[in-house]
Amino acid sequence: LVFSKRYGSTYAWEMTPSTKEPTAAQLAVQERFATAAAQAAADMADPEKKEEWKAVSDASDGKWKTPRGAAFASYYNKASGIE
């Protein structure tokens with residue numbers, strides 16, 4: 001059983017681990033996710049960049065609730081070729 005707390009609500013679900021080897025596409029997504037998460041974390045450690053991302057999240061009309069979420073989405077989309 002996995003518990004997660006997000007924005008004041010607690011969620012629980014049962015996680016079933018996969019027994020199959022990940023595909024090349026899954027590994028590519030994992031790599032993009034890890035890279036975007038690392039870049040967003042680095043930006044949150046820099047007060048100036050954090051303020052820039054805060055302005056982006058504040059102007060997003062609720063699309064991104066946090067500066068870190070806005071940074072992560074931006075970096076992930078760029079790595080995925082979406083932006």
Side-chain angles (χ1 to χ4, degrees):
L1 201 56
V2 177
F3 292 94
S4 175
K5 189 169 187 177
R6 294 185 199 144
Y7 310 115
S9 297
T10 302
Y11 302 90
W13 67 91
E14 186 175 348
M15 181 180 279
T16 306
S18 176
T19 58
K20 297 178 183 178
E21 288 293 316
T23 65
Q26 289 170 325
L27 292 173
V29 168
Q30 288 175 4
E31 179 63 30
R32 287 194 302 267
F33 190 98
T35 301
Q39 290 173 318
D43 281 2
M44 295 306 103
D46 180 344
E48 289 180 16
K49 287 188 178 182
K50 186 174 183 176
E51 282 301 314
E52 291 173 15
W53 286 116
K54 183 171 179 358
V56 171
S57 68
D58 289 346
S60 73
D61 292 326
K63 184 174 182 179
W64 297 297
K65 295 184 179 185
T66 64
R68 186 182 186 116
F72 173 83
S74 176
Y75 290 131
Y76 186 83
N77 288 342
K78 283 179 187 173
S80 299
I82 296 172
E83 282 187 289

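Here the structure is a predicted model, which is why all the values come from computation and not from measurement. Index from 1, following the sequence.
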(message) Show every ring pair (Phe, Tyr, Trp, His ring centres under 6.0 Å) that has at least one partner inside residues 20-71, sequence neighbours left out.
(response) Phe33-Phe72, Trp53-Tyr75

(request) Ignoring hydrogens and angles, tell me if any N or O in the side chain of Ser74 forms a donor-acceptor pair with the backbone of Ala71 under 3.5 Å. (result) no

(message) Which heavy atom of Ala79 sits nearest to which heavy atom of Arg32, and what is that distance?
(response) O-CD, 3.3 Å

(request) Indicate the atoms forming the closest heavy-atom contact of Lys50 with Met44, along with that distance. (result) CD-O, 3.7 Å

(request) Please name the pair of heavy atoms, one in Leu1 and one in Glu14, separated by the smallest distance, quoted to 0.1 Å. (result) CD1-N, 4.1 Å

(message) Taking Trp13 as the starting point, is it possible to reach Phe3 by hopping between hydrophobic residues whose side chains are less than 4.5 Å apart?
(response) no

(request) Measure across Ala70 and Val56 and return the closest heavy-atom pair with its distance rounded to 0.1 Å. (result) CB-CG1, 4.1 Å

(message) In the structure I gave you, are the side-chain heavy atoms of Glu31 and Leu27 within less than 4.5 Å of one another anywhere?
(response) no

(message) Return the CG to CD distance between Asp46 and Glu52, rounded to the nearest 0.5 Å.
(response) 8.0 Å

(request) For Ser80 and Asn77, indicate whether the former's side chain and the latter's backbone hold a donor-acceptor pair under 3.5 Å. (result) no

